[in-house]
Amino acid sequence: MLTVNEIFYSIQGESTRAGLPCVFVRLTACDLRCSWCDTPYAFHEGHKQSVDEVVAAVQQHDCPLVEITGGEPLLQEDVYPLMDRLLADGRTVMLETGGHRPIGRVPARVVKIVDVKCPGSGEADRNDWANLDRLAPHDEVKFVVNDRTDYEFARDVIRTRDIASRCAAVLLSPVHGVLDGKVLSEWMLADRLPARLQLQLHKFIWTPTTRGV
Ligand code: SF4
């Protein structure tokens, strides 16, 4: 069984697939507490559903793209058969993970969006750095940037660990309402950083606190 917070159909707001219709499966629970977390309702709220029931709910939306997110989806053992079933169903499967849980068991065809937590999150000491060696060429690495200190941390990690050569995209996302995207853009340009600015599209389309989008 899985504990599911919500399943909904919306526009993908993040990653290189931003703008595409996508079904989201948000699983309950997280063992981090990022200072800027925008889904704290997923820490505890949820209901039990079998893998079959989740697959059926996804199929109702007739959409080729599905993202499993949270909370931290890798905390639930049944996320693995869920990913297998969605892949077997012919879907492109994305997995958003906080970067502190090992990603080695995730099926190879799943597109992993792996966070590297910056100091401003309060959780930077939880990064599982070995995950960078587990990335597939189609995966993406995301840094959520709160301030200049976070930016310099991300920049140095990107450079010293050559993140851009390990995956399909390096994403820098300003904390919405805290760091101006223009400011972050100027920092990235000044440093010639091999990364992509990511704005959370859904927070511009809908109000930032809207759930289920
Ligand atoms: S890992 Fe994700 S869900 Fe967990 S606290 Fe951080 S932002 Fe929130």
Side-chain angles (χ1 to χ4, degrees), residues 2-8 10 12-15 17-18 22-47 54 66-80 82-83 93-106 110-132 134-135 139-147 149-151 153-154 157 163 167 169-179 181 184 198-203 206 208-213:
L2 290 155
T3 308
V4 178
N5 177 264
E6 56 184 354
I7 298 174
F8 59 94
S10 187
Q12 174 59 260
E14 303 189 23
S15 82
R17 289 173 174 78
C22 182
V23 182
F24 293 82
V25 177
R26 187 182 308 286
L27 300 183
T28 300
C30 187
D31 51 346
L32 298 186
R33 290 294 181 269
C34 302
S35 60
W36 36 253
C37 180
D38 55 3
T39 54
Y41 53 86
F43 292 164
H44 304 294
E45 293 176 20
H47 57 279
V54 174
V66 55
E67 175 176 300
I68 303 171
T69 185
E72 173 48 59
L74 294 182
L75 290 175
Q76 299 193 43
E77 185 59 28
D78 270 0
V79 74
Y80 296 99
L82 175 62
M83 289 186 282
V93 180
M94 302 171 68
L95 175 82
E96 277 258 1
T97 176
H100 59 297
R101 312 289 305 185
I103 57 174
R105 288 176 57 208
V106 177
V110 169
V111 177
K112 302 181 288 295
I113 313 297
V114 181
D115 282 4
V116 174
K117 299 297 185 191
C118 296
S121 70
E123 297 287 10
D125 60 341
R126 298 288 301 277
N127 286 317
D128 180 354
W129 294 107
N131 273 339
L132 298 178
R134 302 176 182 125
L135 293 167
D139 290 338
E140 303 181 14
V141 172
K142 180 174 78 174
F143 297 82
V144 178
V145 179
N146 191 63
D147 54 19
T149 300
D150 277 4
Y151 171 75
F153 173 89
V157 169
I163 306 289
C167 60
V170 184
L171 311 166
L172 260 64
S173 183
V175 177
H176 191 89
V178 175
L179 178 60
L184 178 57
Q198 170 178 283
L199 302 177
Q200 294 173 294
L201 266 190
H202 49 292
K203 293 187 179 175
W206 294 276
T209 53
T210 306
R211 288 170 58 165
V213 293

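When a ligand or atom number is given, it counts from 1 through the structure's own listing order. A quick note: this is a predicted structure, and the numbers were derived from the prediction, not measured.
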Seminar exercise, completed: Note: ligand 1 atoms sitting under 4.0 Å from heavy atoms of W36 are 7 (S)
Exercise. Around atom 4 (Fe) of ligand 1, what protein N, O or S atoms are found below 2.8 Å?
Worked result: C30 SG
Exercise. Does the pair E77/R105 count as a salt bridge with the N-to-O cut at 4.0 Å?
Worked result: yes
For this session: May I ask whether E96 has any heavy atom positioned less than 4.0 angstrom from an atom of ligand 1?
Result: no
Problem set entry | Salt-bridge criterion met for D139 and R134 (N-O under 4.0 Å) | no
Exercise. Do T97 and E72 have side-chain N/O donor and acceptor atoms under 3.5 Å apart?
Worked result: yes
Exercise. Under 4.5 Å between any side-chain heavy atoms of E67 and R17, yes or no?
Worked result: no
Exercise. Among L82, I68, V79, which one satisfies side-chain contact (heavy atoms from CB on, under 4.5 Å) with V54?
Worked result: L82
Exercise. Cationic tip of R211 within the cone over F8's six-membered ring, i.e. under 6.0 Å and within 45° of the normal?
Worked result: no
Problem set entry | N5 side chain to Y41 backbone, donor-acceptor under 3.5 Å | yes
